[in-house]
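Read the numbers this way: they start at 1 and go in the same order the structure lists the ligands and their atoms. Treat the numbers as computed from the prediction; the structure is a model and nothing was measured.
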Amino acid sequence: MPVVWMLQRVASRLLQRPACGCQAPVLPSRFLGTSPQQIPADANFHSTSFSEADQPRVLITGGLGQLGVGLASFLRKRFGKDNVILSDIRKPPEHVFLSGPFIYSDILDYKNLREIVVNNRVTWLFHYSALLSAVGEANVSLARAVNITGLHNVLDVAEEHGLRLFVPSTIGAFGPTSPRNPTPDLCIQRPRTIYGVSKVHAELMGEYYYYRYGLDFRCLRYPGIISADSQPGGGTTDYAVQIFHDAVKHGRFECNLEPSTRLPMMYIDDCLRATLEVMEAPAESLSMRTYNVNAMSFTPAELAQEVLKHVPEFQITYNVDPVRQAIADSWPMNFDDSNARKDWGWKHDFDLPELVTTMLNFHGSESRVAQAN
Ligand SMILES: NC(=O)c1ccc[n+]([C@@H]2O[C@H](COP(=O)([O-])OP(=O)(O)OC[C@H]3O[C@@H](n4cnc5c(N)ncnc54)[C@H](O)[C@@H]3O)[C@@H](O)[C@H]2O)c1
Ligand SMILES: C[C@@H](O)[C@H](N)C(=O)O
């Protein structure tokens, strides 16, 4: 019996080592619990084949938002369904619940987070929980808790258990005093939203943990992400998702930003691919830990022109939301992502014409299915 116990401890230690091969962080003694929960109930070290053990065991926090479900399905294709756990504090729709492992996780509950990581032998964490720019301004104290306190919990758990950690940042991490056209990776960052402030904090804390403790922290600053089958969660770039739905359903769209508001944008397939690519990039290819990534940049008027090519009766009107407009006016117009392209070969697939065709095709076929039923 003692031999089995020792083997389990050795294997458990090995499984907690960073997959990157970088320096394993030392566990602070206050976190070295001996509770039986730290030995996973499903542990079977003798029968685990090498190929299974080589796959990362993934946890996605805040996974029921615009991006998480797509990320889970993308990663499951690569690492296997059962190796990717989606989590959130909301109840999942049936199709998501049936599509693979789902678990309740509140990032403000540190012990719950730690238990999930330990019991499921998690090795990679994608931290998607957040309040976005517009909803953050409407509830600053909740945004501060989720985006800042929640991040601290995630960083601590990741560091203690040697996880590879992905945290998305955003164009919103820049502000009116940043160069806006284009915005480079390294420049002044003085955002004026709680969302932006919390994301600069996340970038700096993640990099601090990397230099101080060897945490394998990786971060991409996403532009506005456009997806067909998931709804945005209350951001400034949401108009560029809603426009397609309304164009197909109603032939018209009321935009809450001014026609000339230029912002960097990306189709979700490119976003998910960039995320996996930076996570799989060899550590030595990363000259930085936080990268801008970009695909295209357009204004509402330019997007409407492109939609018009496919929906000739389409009409756009403008009813500007002053909160979102002020935010957009302080954000980058174009994003310089040359470091991502140079270091780990980032290359987007979708420009504006392909984006519009893909989005309209999706909503068109959805609406034809709805009409047929
Ligand atoms: N969607 C974009 O255009 C975009 C652009 C740049 C960066 N990002 C970043 O990508 C990540 C995912 O974005 P998204 O659009 O899917 O966001 P979203 O707002 O759609 O989803 C966020 C999720 O976080 C969950 N959440 C809130 N409080 C939580 C808590 N206490 N514990 C656990 N989960 C909690 C919510 O239930 C929600 O499902 C965010 O960090 C966001 O800042 C998104
Ligand atoms: C840009 C991004 O971070 C998010 N879509 C927002 O608008 O808040």
Side-chain angles (χ1 to χ4, degrees), residues 59-72 86-93 96 102-110 112-113 116 125-139 142-154 165-174 183 191 193-203 206 219-227 229-242 256-257 261 263-268 270-272 274-275 290 292-295 297 321 323-325 327-328 330-332 335:
L59 175 67
I60 303 170
T61 67
L64 292 184
Q66 187 195 354
L67 307 185
V69 173
L71 180 70
L86 200 57
S87 74
D88 207 299
I89 51 173
R90 296 191 277 141
K91 203 168 169 183
V96 173
F102 179 87
I103 204 162
Y104 171 86
S105 172
D106 181 350
I107 55 155
L108 296 175
D109 181 347
Y110 171 78
N112 166 250
L113 199 58
I116 291 168
L125 200 161
F126 293 79
H127 176 47
Y128 269 8
S129 311
L131 262 65
L132 302 190
S133 57
V135 291
E137 290 312 293
N139 195 342
L142 184 62
R144 198 178 64 177
V146 173
N147 296 8
I148 299 178
T149 308
L151 172 92
H152 292 168
N153 288 339
V154 166
L165 174 64
F166 179 83
V167 179
S169 186
T170 162
I171 48 173
F174 297 95
T183 306
T193 59
I194 185 65
Y195 178 60
V197 169
S198 68
K199 289 295 186 178
V200 177
H201 179 73
E203 295 175 6
C219 174
L220 296 181
R221 295 193 191 100
Y222 294 158
I225 305 301
I226 299 166
S227 58
D229 57 357
S230 56
Q231 290 302 307
T236 303
T237 57
D238 292 8
Y239 91 86
V241 178
Q242 191 62 33
N256 55 21
L257 293 182
T261 311
L263 291 167
M265 301 279 183
M266 181 181 280
Y267 183 56
I268 189 162
D270 276 339
C271 166
L272 301 180
T275 303
T290 302
N292 293 351
V293 281
N294 197 21
S297 196
D321 168 8
V323 173
R324 282 183 168 83
Q325 188 63 49
I327 294 173
S330 74
W331 281 2
F335 227 20

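The protein non-hydrogen atom at the shortest distance from atom 22 (C) of ligand 1 is A130 O, 3.6 Å. Here the protein heavy atom with the shortest distance to atom 12 (C) of ligand 1 is Y128 O, 3.4 Å. Regarding atom 29 (C) of ligand 1, its nearest protein heavy-atom neighbour is I89 CD1, 3.6 Å. For atom 23 (C) of ligand 1, the nearest protein heavy atom (residue, atom name, distance) is G62 O, 3.4 Å. Among protein heavy atoms, atom 43 (O) of ligand 1 sits closest to Y195 OH, 2.6 Å. The nearest heavy-atom contact from the protein to atom 34 (N) of ligand 1 is S129 OG, 3.1 Å.
When only interatomic distances are considered, the shortest N/O to N/O separation between G65 and ligand 1 falls below 3.5 Å. Not a single N or O atom of Y222, backbone or side chain, sits closer than 3.5 Å to an N or O atom of ligand 1. For a threshold of 3.5 Å applied to N or O pairs, the pair formed by G68 and ligand 1 contains no separation below that value. Backbone and side-chain nitrogen or oxygen atoms of I107 are examined, and one is located within less than 3.5 angstrom of a nitrogen or oxygen of ligand 1. Distances between N or O atoms of I225 and those of ligand 1 include at least one value under 3.5 Å. The shortest N or O to N or O distance between D88 and ligand 1 is below 3.5 Å.
Only side-chain heavy atoms of R90 come within less than 4.0 Å of ligand 1; its backbone N, CA, C and O stay farther off. Contacts between L132 and ligand 1 below 4.0 angstrom, taking non-hydrogen atoms only, involve the side chain exclusively. Contact annotation for K199 and ligand 1: only side-chain heavy atoms (C-beta onward) come within less than 4.0 Å of the ligand. Counting heavy atoms closer than 4.0 Å to ligand 1, residue S169 contributes backbone atoms (N, CA, C, O) but none from C-beta onward.
Residue L86 holds its CG atom at 9.5 Å from OG1 of T61, rounded to the nearest 0.5 Å. Expressed to the nearest 0.5 Å, how far CG of L257 lies from CG of D321 amounts to 8.0 Å. Distance OG1/T236 to CD1/I171: 8.0 Å, rounded to 0.5 Å. Summarising the geometry, atom CG belonging to L131 is positioned 10.0 Å from atom CD1 belonging to I194; distances are rounded to the nearest 0.5 Å.
The closest side-chain donor-acceptor pair between S133 and T193, if any, does not fall under 3.5 angstrom. Under the 3.5 Å distance criterion, with hydrogens and angles disregarded, a donor-acceptor pair is assigned to the side chains of S169 and E203.
Close contacts of ligand 1 with T170, meaning ligand atoms under 4.0 Å from a residue heavy atom, involve 6 (C), 7 (C). Every atom of ligand 1 with a heavy atom of D106 under 4.0 Å away is listed here by number and element: 30 (C), 31 (N), 32 (N). Against a heavy-atom cut-off of under 4.0 Å, P168 is close to the following atoms of ligand 1: 9 (C), 10 (O), 11 (C), 41 (O). Atoms of ligand 1 lying under 4.0 Å from any heavy atom of S105, numbered from 1 in the order shown and given with element: 32 (N), 33 (C).
When the heavy-atom distances from atom 20 (O) of ligand 1 to H127, Q66, R221 are ranked, the shortest goes to Q66. Of all the listed residues (G224, G235, P223), P223 holds the heavy atom that lies closest to atom 5 (C) of ligand 1.
Counting heavy atoms from C-beta outward, F174 and R221 have side chains that approach closer than 4.5 Å. Annotation: side chain of V200 is in contact with side chain of P191 (closest heavy-atom distance under 4.5 Å).
Residues meeting the side chain to side chain contact (heavy atoms under 4.5 Å, CB included) test with S198, sequence neighbours left out: N147, I148.
A perpendicular orientation is assigned to the rings of F166 and Y128, their planes being inclined by more than 60° (bins at 30° and 60°).
With respect to Y222, the side-chain hydrogen bond (donor to acceptor under 3.5 Å, both in side chains) criterion is satisfied by exactly one of T237, N294, N292, T275: T275.
Residues of the protein with a heavy atom under 4.0 Å from ligand 2 are L132, S133, T170, I171, Y195, G235, T236, T237, W331, listed by chain and number.
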